[in-house]
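Bear in mind the structure is a predicted one, so any value in this text is a computation, not a measurement. Each residue takes its place number in the sequence, starting with 1. Because only heavy atoms are used, hydrogens play no part in the values below, and waters and symmetry mates are left out as well, while side chains stay in.
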Amino acid sequence: MDPIIKQVFTQKDYDEIMKLEHHTTKEFYQSTPVDDWVVKVTHKPQRFKTERMIYIVQLNHYKDDDLANDDMYWRAEPKKFFDGTPTLEQIWEALQKNLDYFNDVEEFHIKELNLTFDPEHPEFDS
């Protein structure tokens, strides 16, 4: 695990989101920025089962409002926890995955496509 993950979301941050556990309104928490990274946590009612609360954990660049302009946004989606408060280790795991996407870690590249194209016999009519 990258050491930046444990710096940007610490035990103190986890204790702060634990305070949201029994709240029933939409609330936000933002960790202290570290090296231009920040963790944003949203605690809100589930859309169709409003009696259930979900946690949305997202690693973001501190200077950007959100990831909408980032070309990696489609892969670095926020992690949603539907079954109560996630553990600190689960949050770190989700943040590590986001960081890997941002840094374009090799394991997320497609190694080989099973595509063959014969220009003499295309599979489509152009």
Side-chain angles (χ1 to χ4, degrees):
M1 178 172 297
D2 196 307
I4 195 74
I5 296 299
K6 292 185 179 181
Q7 292 173 9
V8 76
F9 195 81
T10 63
Q11 180 67 45
K12 178 181 159 260
D13 295 315
Y14 185 73
D15 294 341
E16 288 297 318
I17 69 162
M18 286 297 293
K19 293 177 183 176
L20 305 177
E21 176 63 23
H22 298 291
H23 296 190
T24 57
T25 58
K26 185 174 186 177
E27 297 179 273
F28 302 95
Y29 176 77
Q30 180 173 306
S31 69
T32 305
V34 176
D35 290 342
D36 195 33
W37 294 106
V38 67
V39 176
K40 295 182 180 179
V41 179
T42 305
H43 181 250
K44 68 177 194 167
Q46 195 171 350
R47 189 170 24 177
F48 296 115
K49 297 180 182 177
T50 55
E51 67 278 358
R52 291 183 69 191
M53 301 297 286
I54 64 172
Y55 285 89
I56 302 171
V57 178
Q58 182 175 14
L59 182 67
N60 255 333
H61 293 292
Y62 177 62
K63 294 177 183 164
D64 297 335
D65 191 26
D66 59 28
L67 299 176
N69 296 324
D70 197 307
D71 62 344
M72 303 300 272
Y73 174 70
W74 64 276
R75 293 193 303 169
E77 293 179 338
K79 173 69 176 170
K80 296 177 183 175
F81 296 97
F82 294 97
D83 300 319
T85 309
T87 65
L88 183 57
E89 287 74 24
Q90 287 175 316
I91 293 175
W92 282 342
E93 185 179 313
L95 296 176
Q96 181 64 49
K97 189 172 182 180
N98 272 173
L99 187 63
D100 288 347
Y101 283 143
F102 279 121
N103 294 331
D104 208 19
V105 172
E106 186 64 29
E107 71 180 86
F108 299 108
H109 289 273
I110 298 172
K111 303 292 186 218
E112 180 179 327
L113 293 176
N114 294 325
L115 298 176
T116 57
F117 177 70
D118 183 3
E120 299 294 323
H121 305 286
E123 295 181 5
F124 55 89
D125 186 14
S126 55

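Taking both residues in full, the closest heavy atoms of Val41 and Phe9 are given as CG2-CE1, 4.1 Å, listed atom of the first, atom of the second, then distance. The minimum heavy-atom distance between Asp13 and Val8, with the atom names listed, is OD2-O, 3.5 Å. Of all heavy-atom pairs spanning Lys26 and Pro45, the tightest one is N-CD, 4.2 Å. Annotation for Lys44 and Ile56: closest pair CE-CD1, 3.7 Å, computed over non-hydrogen atoms. Across every non-hydrogen atom of Ile4 and Trp37, the tightest pair is CG1-CD1, 4.1 Å. Minimum heavy-atom separation, Pro86 to Tyr14: O-OH, 2.7 Å.
Not one N or O on the side chain of Gln30 forms a donor-acceptor pair closer than 3.5 Å with the backbone of Val39. Formation of a donor-acceptor pair under 3.5 Å by the Ser31 side chain with backbone atoms of Val38 is not found in this model. At distances below 3.5 Å, at least one donor-acceptor pair connects side-chain atoms of Asn98 with backbone N or O atoms of Glu77.
A distance of 4.5 Å separates CG in Asn60 from NZ in Lys40, rounded to the nearest 0.5 Å. Summarising the geometry, atom CG belonging to Leu99 is positioned 10.0 Å from atom CE belonging to Met1; distances are rounded to the nearest 0.5 Å. We find the CG-CD1 distance between Leu59 and Ile5 to be 5.5 Å, quoted to the nearest 0.5 Å.
In terms of hydrophobic clustering, with Ile, Leu, Val, Met, Phe, Trp and Tyr side chains grouped at heavy-atom distances under 4.5 Å, Leu88 and Met18 are assigned to a common cluster.
Qualifying ring-ring contact (aromatic ring centres under 6.0 Å, His included) partners for Tyr55, counting only residues two or more places apart in sequence or in other chains: His43.
Under the salt bridge (charged side-chain N to carboxylate O under 4.0 Å, His left out) criterion, the residue pairs touching residues 78-94 are Arg52-Asp83, with sequence neighbours excluded.
In this structure the side chain of Ile91 never reaches within 4.5 angstrom of the side chain of Thr87, judged on heavy atoms.
Checked options Gln11, Lys19, Lys12; the residue passing with Asp15 is Gln11 (criterion: side-chain hydrogen bond (donor to acceptor under 3.5 Å, both in side chains)). Screening Tyr29, Trp92, Phe81 for a side-chain contact (heavy atoms from CB on, under 4.5 Å) with Val57, the sole residue that qualifies is Phe81.
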